[in-house]
Amino acid sequence: MTLPEQTKTLLDTLSFPVSYDQLGQSIKDANGLLVCDVRGWGKIQFMDKAEERHDAIGFVIADLLNGLQPTK
């Protein structure tokens with residue numbers, strides 16, 4: 001599957017907007033359905049401000065996904 005085909009499949013799957021849930025460490029769609037878990041704690045747990053780094057990753061991924069939302 002090509003990237004444009006993958007993007008279309010993604011857009012047909014999600015209900016926008018998606019959001020990052022800090023407590024659940026996951027990204028959910030507008031209907032509250034799980035899109036993905038945000039992982040990576042093993043890599044960043046010993047870095048300065050690990051929690052802020054982890055949340056930043058979740059917020060940025062959600063923002064990037066929302067940027068794919070077609071305008072109506």
Original post:
Should Gln25 and Asp37 count as side-chain neighbours, where that means a heavy-atom distance under 4.5 Å?
Top reply: no
Rounded to the nearest 0.5 Å, what separation is found between the [atom1] atom of [X] and the [atom2] atom of [Y]?
X	Y	atom1	atom2	value
Arg39	Ser26	CZ	OG	12.0 Å
Ser19	Leu65	OG	CG	11.0 Å
Lys49	Asp55	NZ	CG	13.0 Å

Original post:
What salt bridge (charged side-chain N to carboxylate O under 4.0 Å, His left out) pairs are there with at least one residue in residues 6-30, not counting sequence neighbours?
Top reply: Lys8-Asp12, Asp21-Lys28
Original post:
Residues in side-chain contact (heavy atoms from CB on, under 4.5 Å) with Ala50, at least two apart?
Top reply: Trp41
Joint cluster assignment, [X] & [Y], ILVMFWY side-chain distance < 4.5 Å:
X	Y	result
Tyr20	Leu34	no
Val18	Leu11	yes
Leu68	Phe59	yes
Ile27	Phe16	yes
Val35	Ile57	yes

Under 3.5 Å: donor-acceptor pair, side chain of [X], backbone of [Y]:
X	Y	result
Glu5	Thr2	yes
Asn66	Ala62	yes
Arg53	Asp48	yes

**OP:** Give the minimum heavy-atom separation between Val38 and His54, together with the two atoms involved.
**Re:** O-NE2, 3.2 Å
Original post:
More than 12 heavy atoms of other residues, nucleotides or ligands under 6.0 Å from CD of Gln45: is that the case?
Top reply: yes
**OP:** Start with the C-alpha distance between Leu10 and Gln6, add both sets of side-chain angles, then the distance that settles side-chain contact (heavy atoms from CB on, under 4.5 Å), and finish with yes or no.
**Re:** CA-CA 6 Å; Leu10 177 138; Gln6 291 171 334; over 6 Å; no
